[in-house]
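Below: one structure, written as structure tokens.
In the text below, chain A, chain B and the rest are named by the order of the sequence lines, each starting its count at 1.
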Amino acid sequence: MSIVLLAARVDLEHVLIVGAVLFAIGLYVALSKRNAVAVLMGIELMLNAVNLTFIAFARFVESPRPLDGHVFVIFVITVAAAEAAVALALAVAVYRHRETIDVGKISLLRW
Amino acid sequence: MTVAQGIFYLIAALAVAGGLGVVLARNTVYAALFLILALLAVAGIYILLASEFLALVQVLIYAGAITVLLLFALMLTRVGDLEETMVGAQWPLAVVASILLVGLLITTIATSDWPGDADGMITRIPFETLGEALFRQWAVPFEIASLVLLIALVGAIVLARDEEGDVEEAE
């Protein structure tokens with residue numbers, strides 16, 4: 001109960017700004033890093049920022065269906081876990097064949 | 001400034017610091033550890049927003065499982081040889097894109113009005129309600145999600161399987 005009362009005084013905008021900053025950091029990591037695993041870290045950060053925004057809206061904005069945001073976040077986490085497993089398996093497989101996971105050097109499909 | 005706001009700013013600063021750590025760490029393993037910090041801080045914000053279940057899920061799946069997976073991938077791919085060139089040549093473009101995006105998002109956030117503020121009537125969502133919604137109203141997406149996980153699991157095993165193992169089996 002006390003947690004709920006405390007939460008009443010955190011502003012929606014502030015949570016949204018944290019989400020926006022985390023998303024931008026994740027975008028920079030995903031775009032700039034050369035290690036494929038680090039690129040995946042950026043993607044995870046972006047997914048987290050989106051989840052945070054979902055929860056902020058579910059919590060602060062009045063809605064006839066207050067549960068939907070939470071359920072959506074659960075599905076996002078599920079898909080993110082599946083995506084992480086497949087992407088890391090891909091990184092390991094690429095490393096085995098090419099001896100590198102530098103995304104700048106994996107350019108077989110480049111024309 | 002209330003206590004809750006103080007806690008929120010502290011946790012938010014931790015989250016952003018973790019994110020910056022991922023950006024600035026010279027070693028990818030350290031970047032993964034900073035990522036754990038950022039993910040745990042996000043779990044803290046979930047608790048402040050009265051979503052305990054998601055905070056638990058966040059700690060278990062993100063901070064636990066996914067980062068362990070990341071560290072295993074780093075171990076299997078021996079990242080040490082990349083340290084000097086962590087960032088590709090396109091990094092200035094990435095900086096510009098990120099700063100433009102964060103500017104755009106913050107401007108949008110600052111100038112928008114959202115209908116209805118639920119502040120006065122906070123409904124805490126118990127685990128049972130969430131589970132019931134998941135298994136009744138969202139039963140079909142839930143089953144599809146389980147299929148997605150199964151396929152991802154099989155796909156990950158097929159992709160990461162060691163071909164040398166096949167040779168040994170053939171022999």
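Considering only heavy atoms from C-beta on, A:Phe60 comes within 4.5 Å of B:Leu49 through its side chain. B:Ile66 has its side chain within reach of A:Glu44: a pair of non-hydrogen atoms, C-beta onward, lies under 4.5 Å apart. Residues B:Tyr46 and A:Ile55 form a side-chain contact, since some pair of their non-hydrogen atoms from C-beta on lies under 4.5 Å apart. Two residues are said to be in side-chain contact when any heavy atoms from C-beta on lie closer than 4.5 Å; A:Ile25 and B:Val22 fail this criterion. In this structure, B:Trp91 and A:Leu31 have side chains that are not in contact, with every pair of non-hydrogen atoms separated by 4.5 Å or more.
Checking side-chain atoms of A:Arg96 against main-chain N and O of B:Arg161 turns up a donor-acceptor pair under 3.5 Å. A:Lys33 contributes no side-chain N or O that, together with a main-chain N or O of B:Thr28, makes up a donor-acceptor pair within less than 3.5 Å.
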- Message: The test is side chain to side chain contact (heavy atoms under 4.5 Å, CB included); show your working for B:Ile144 and A:Phe75 and say whether it passes.
- Response: CA-CA 10 Å; B:Ile144 294 173; A:Phe75 284 123; over 6 Å; no

- B:Gln58 and A:Leu52: CA distance, side-chain angles, deciding distance, side chain to side chain contact (heavy atoms under 4.5 Å, CB included) verdict: CA-CA 11 Å; B:Gln58 171 89 1; A:Leu52 190 59; over 6 Å; no

- Task: For side chain to side chain donor-acceptor pair (under 3.5 Å), just list the numbers for B:Gln137 and A:Asp68, CA-CA rounded to whole Å, side-chain angles, deciding distance to a tenth of an Å, and then say yes or no.
- Result: CA-CA 10 Å; B:Gln137 195 182 351; A:Asp68 288 10; 4.6 Å; no

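Contacts of B:Leu104 with chain A are absent, with no heavy-atom separation under 4.5 Å from either backbone or side chain. For B:Tyr62, the part lying near chain A is the side chain, with the backbone staying farther off; criterion is any non-hydrogen pair under 4.5 Å. Both the backbone and the side chain of A:Tyr28 come within less than 4.5 Å of a heavy atom in chain B. If you measure heavy-atom distances from B:Ala25 to chain A, the contacts under 4.5 Å come from the backbone alone. For a residue to count as touching a neighbouring chain, one of its non-hydrogen atoms must lie under 4.5 Å from one of that chain's; by this rule B:Thr108 does not touch chain A. For A:Leu22, the part sitting under 4.5 Å from any heavy atom of chain B is the side chain, from C-beta outward, and nothing else. Both the backbone and the side chain of A:Val86 come within contact range of chain B, judged by heavy atoms closer than 4.5 Å. Heavy atoms of B:Leu130 lying under 4.5 Å from chain A belong to its backbone as well as its side chain. For B:Ala65, no part sits under 4.5 Å from any heavy atom of chain A, backbone or side chain. Of the atoms belonging to B:Leu101, it is side-chain heavy atoms, and not backbone ones, that fall under 4.5 Å from chain A. Looking at B:Ile61, the atoms closer than 4.5 Å to chain A (heavy atoms on both sides) all sit in the side chain, from C-beta outward. Contact of A:Val15 with chain B is made through backbone and side chain together, with heavy-atom distances under 4.5 Å. Looking at B:Val57, only its side chain comes within 4.5 Å of chain A, counting heavy atoms on both sides. At a 4.5 Å heavy-atom cutoff, the contact between B:Pro141 and chain A is made by backbone and side-chain atoms alike.
When the candidates B:Leu39, B:Ile99, B:Leu70 are compared by the number of heavy-atom contacts under 4.5 Å with chain A, B:Leu70 comes out ahead. With chain A as partner, the option from B:Leu149, B:Ile45, B:Leu54 having the largest number of non-hydrogen pairs under 4.5 angstrom is B:Leu54. For the set B:Ala110, B:Ala13, B:Ala32, B:Ser112, the count of heavy-atom pairs under 4.5 angstrom toward chain A peaks at B:Ala32. Per-residue heavy-atom pair counts under 4.5 Å with chain B were compared for A:Leu12, A:Val103, A:Ile74, A:Leu40, and the maximum is reached by A:Ile74. Top candidate by heavy-atom pairs under 4.5 Å with chain B, chosen from A:Val71, A:Val92, A:Ile77, A:Val79, is A:Val71.
Atom-to-atom distance recorded for A:Phe23:CZ and B:Leu105:CG is 7.5 Å, nearest 0.5 angstrom. The distance from the OG1 atom of A:Thr53 to the CD1 atom of B:Ile109 is 7.5 Å, given to the nearest 0.5 Å. Interatomic distance, B:Ser51 OG to A:His70 NE2, rounded to the nearest 0.5 Å: 4.5 Å. To the nearest 0.5 Å, the span separating OG1 on A:Thr78 from CZ on B:Phe142 amounts to 8.0 Å.
Minimum interatomic distance between B:Thr77 and A:Ala91 (heavy atoms only, all atoms of both residues): CG2-O, 4.2 Å. Nearest approach of A:Ala82 to B:Val148, heavy atoms of both residues: CB-CG1, 4.2 Å. The two atoms that bring B:Leu159 and A:Ala89 nearest to each other are CB-CB, 3.9 Å, heavy atoms only. Scanning all heavy atoms of the two residues, the minimum distance from A:Ala24 to B:Ser98 falls at O-OG, 3.3 Å. Between B:Phe8 and A:Val18, the shortest heavy-atom contact is CZ-CG2, 4.0 Å. Smallest separation of non-hydrogen atoms from A:Ser32 and B:Ala94: CB-CB, 4.0 Å.
When the side chains of ILVMFWY residues are joined at heavy-atom separations under 4.5 Å, either directly or via intervening members, B:Val29 and A:Leu88 end up in a single hydrophobic cluster. One hydrophobic cluster, built from ILVMFWY side chains closer than 4.5 Å, holds both B:Val102 and B:Leu24.
Annotation for A:Phe57: atom CZ counts as buried by contact number, over 12 foreign heavy atoms lying within 6.0 Å. Within 6.0 Å of CZ on B:Phe53 lie no more than 12 heavy atoms contributed by other residues, nucleotides or ligands.
A:Asn51 meets the side-chain hydrogen bond (donor to acceptor under 3.5 Å, both in side chains) test with no other residue; sequence neighbours excluded.
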